[in-house]
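Notes for the one structure printed next.
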2 protein chains.
Amino acid sequence: MMKINGDRLWDRLMEIAQIGGTPNGGVCRLTLSEEDKKGRLLFEDWCKGLGCSIRVDAMGNLFATYPGKDPYLPTLLLGSHLDSQPTGGKYDGVMGVLAGLEVIHTLHDQNYVPDRNIVVASWTNEEGARFTPAMIGSGVFSETFSLDYAYQQKDKEGITLHDALNSIGYKGTDSVKPNEFQYALELHIEQGPILEREEKQIGIVTGVQGIRWYDIHISGKECHAGPTPMDYRIDPMQSVPLLLTELYKISEVFGEDARITIGYIDASPAVKNTVPEKASISLDIRHPNEDQLTKMHEFVLSVIQTIDKESKSSIELEEIWHSESVVFDDNCVHAVQQASETLGYPHRRIISGAGHDSVYTSKVIPTSMIFIPCKDGLSHNELESAKKEDVIAGTNVLLHASLQLQHK
Amino acid sequence: MMKINGDRLWDRLMEIAQIGGTPNGGVCRLTLSEEDKKGRLLFEDWCKGLGCSIRVDAMGNLFATYPGKDPYLPTLLLGSHLDSQPTGGKYDGVMGVLAGLEVIHTLHDQNYVPDRNIVVASWTNEEGARFTPAMIGSGVFSETFSLDYAYQQKDKEGITLHDALNSIGYKGTDSVKPNEFQYALELHIEQGPILEREEKQIGIVTGVQGIRWYDIHISGKECHAGPTPMDYRIDPMQSVPLLLTELYKISEVFGEDARITIGYIDASPAVKNTVPEKASISLDIRHPNEDQLTKMHEFVLSVIQTIDKESKSSIELEEIWHSESVVFDDNCVHAVQQASETLGYPHRRIISGAGHDSVYTSKVIPTSMIFIPCKDGLSHNELESAKKEDVIAGTNVLLHASLQLQHK
């Protein structure tokens, strides 16, 4: 059975991790930075060594095409992203790109010419750490965002994405459209603890959770902590315990597939001896089933309305973002399942809790993903870690699923 | 009956409010800034016009002495502070200084020579807005803090208090010691809503609440909001509702004199889609009775210990600051009471909820305070406002209490 070259893949992962490598063993390779440019050029060099042609679109998305027998048939799209969080790890994104490269390198070693081209992509600004929103490169590719909208996004220094593309020479002119692709596959670390705890090497990703983001704004009246009697106060913070108690009930009411996260509570002014004028609570809720997510949304609305009526403060719900749940393509999921079984790796079906470029490619190309475990479920962290054997297993599944989809 | 010149006092208040005046009608006269220097020089000019001598001690505390019949008798100390919050108002502090000036100006108008000297002081860095701790000038005067400790305090730009004193030429060399004073009085706005709501013009301040400050640290484990099942999480924010529910019970358990304020909750990292690694809750509790405050402290400890045991996160209480409650001097309180009655102003006894320079002077000199109402109890705010008639009433009480204490 055809197998990838695990040492070569691992060595490349460690080599590219030097670009933007941090003292704590992590990676800082922010999108469209000088480090990102170096990473892109190294990846291009590796691809060109296999006879790939390189295209760059107007968003700086990078496509390396490995030629198949019939260049006119719709092709297979592999890949992920080379950019990282400011204190990111060695695997998030980059592993999926180099795994795609390893798939075509393995075919090249075997003098195996696939029926169709295979394209390995690296998407611009998946992380959203420099420019918002995240996954904007695949978002423009899938026509979720307009190119103009993307170009106008600014980083913290006020540099537009457009200027950042130009500054590293990656505002491309090649046209790459969804309709040239038949299927898309992305290998990624799980970024959660399930596979590791259940000792599964492969996660067959069947879909992505729907996500709703909110800010809950509580308005009261600022006053001095000392001289103001308790019953004179209109204190936004005094609404917090009841609000949180009720909101956290979501996980009882909607079961184990529901997620609720309160990432922070902002008070203003945030001063020890001042009753704040206002507070806002960040809220993130998720469910893989869009109907259930809608019911969770209604639950949140009802909690806010009830407590707003009972409370001295006034409470408002602001909806920030809604990403609908995604169900991945049956053929792709099936190919990953078959490859896992054929290769004999312990596996389970799993829902992605994080967003990925595959969320956007799945809107325009039949898509699915493969997960491998990461240590303690940790990512977006310099301590992010994956086992070499799991990286190899995931890439072998990517190889065999790719071969199978070639013939669909 | 002798009365102050209300128009002169009011005009001076409005004139000095121009120094550091903000577009919204407030004042930004941070301690030891160029604006503070201008304010000090204006005050000195006014004092010199009445024949006062000026002394400046090593902390930049400013003392204007109006000569009495016997310069060797222990004297009366009036005053407050000229510095303001960055977005402060026209009355907090400065009114108490100019009221002291108005008292001696009134005596001067009447050719009334008091038995003893009267000293009007302005203390350095009462606000604590540029250097911590607050009230450090009167704190060094009362030997609560050492001069070296005070000199080493730095502002946000890294400038030491010592260098800031030198930069405006107010590192003085005069020795001014507590033992030259017999009594101290301070007029101030209430900074709370009680007098206004009860339509009292004068608050006879009998003491100052004791204050305890804490940070409650909750440690959990950072993880991604999507992929991490709820029962895998060690989420510090999930301990917040129970903690706050229990802590806020303080006001039921300890009655209407107890105060509890949660000014802010910090999460880290404060990101919408990340379960934070840690959260910390700011806690301020107050009570005018030190025994009750100690019991409140024990209540807080017991809440933390109980919830720490029940919670997946670990919870620790850090004690940040403790300012014991203050009971003001009977003679001074009585003098203020008598003056209020004699003048016929509606009055009530009141506890100060805020810290003041009088907390420190009371450690070394028999001291009390006079409050007047401020609009909506608002201070540390550009909208801080007091009625001219109340400012005049408070200053008349200060005049007559001073005359009475002259003869004790």
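Protein chains get the first letters and strands the later ones, always in sequence-line order, with residue 1 at the start of each. Heavy-atom basis, side chains included; hydrogens, waters and symmetry copies ignored. Because the structure is a prediction, the values reported are computed rather than measured.
Your options are B:N273, B:N381, B:L283, and the one with the most heavy-atom pairs under 4.5 Å with chain A is B:N273. Per-residue heavy-atom pair counts under 4.5 Å with chain A were compared for B:P229, B:A354, B:S352, and the maximum is reached by B:P229. If you tally non-hydrogen atom pairs under 4.5 Å between each of A:R197, A:H380, A:E190 and chain B, the highest count goes to A:R197. Note on A:Q209, A:Q191, A:M237: by heavy-atom pairs under 4.5 Å with chain B, the leading option is A:M237. Counting heavy-atom pairs closer than 4.5 Å to chain A, the top residue among B:A267, B:G192, B:A270 is B:A270. Among the candidates A:P241, A:A258, A:P236, the residue making the largest number of heavy-atom pairs closer than 4.5 Å to chain B is A:P241. Counting heavy-atom pairs under 4.5 Å between each of A:G377, A:G263, A:S268 and chain B puts A:G263 at the top. The most heavy-atom pairs under 4.5 Å with chain A, out of B:S379, B:G353, B:S251, B:G355, come from B:G353.
The distance from atom CD1 of A:I265 to atom OG of A:S282, rounded to the nearest 0.5 Å, is 9.0 Å. Atom CD in A:E384 sits 7.5 Å away from atom CG in A:L378 (nearest 0.5 Å).
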**OP:** Go through the steps for B:D231 and B:R233 under the test salt bridge (Lys or Arg N to Asp or Glu O under 4.0 Å), then give the verdict.
**Re:** CA-CA 5 Å; B:D231 59 353; B:R233 300 187 182 190; over 6 Å; no
Original post:
Where do B:I307 and B:V303 land on the side-chain contact (heavy atoms from CB on, under 4.5 Å) test, with the steps shown first?
Top reply: CA-CA 6 Å; B:I307 300 181; B:V303 165; 3.8 Å; yes
Without placing hydrogens or testing angles, list every side-chain donor-acceptor pair under 3.5 Å for residues 214-227 of chain A, not counting sequence neighbours.
| residue | atom | partner | partner atom | Å |
| --- | --- | --- | --- | --- |
| A:Y214 | OH | A:H297 | ND1 | 2.7 |
| A:D215 | OD1 | B:K272 | NZ | 2.6 |
| A:H217 | NE2 | A:E318 | OE1 | 2.6 |
| A:H224 | ND1 | A:G226 | N | 3.0 |

Less than 3.5 Å apart, which donor and acceptor atoms pair up between the side chains of residues 274-281 of chain B and the rest of the protein, not counting sequence neighbours?
none

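Interface residue A:I320: only side-chain heavy atoms are found under 4.5 Å from chain B. Neither the backbone nor the side chain of A:E256 comes within less than 4.5 Å of any heavy atom of chain B. Contact of B:P269 with chain A is made through the backbone alone, with heavy-atom distances under 4.5 Å. Looking at A:R259, the atoms closer than 4.5 Å to chain B (heavy atoms on both sides) sit in the backbone and in the side chain alike. Looking at B:I262, the atoms closer than 4.5 Å to chain A (heavy atoms on both sides) sit in the backbone and in the side chain alike. With a 4.5 angstrom heavy-atom cutoff, A:D235 touches chain B only via side-chain atoms.
Between A:F371 and A:H356, the ring center distance clears the sub-6.0 Å criterion.
Ion pairing of B:E246 with B:K249 is present here, as a side-chain N (NZ or NE/NH1/NH2) and a carboxylate O approach within less than 4.0 Å.
By the 4.5 Å heavy-atom criterion applied to side chains, A:L195 and A:I350 are counted as neighbours.
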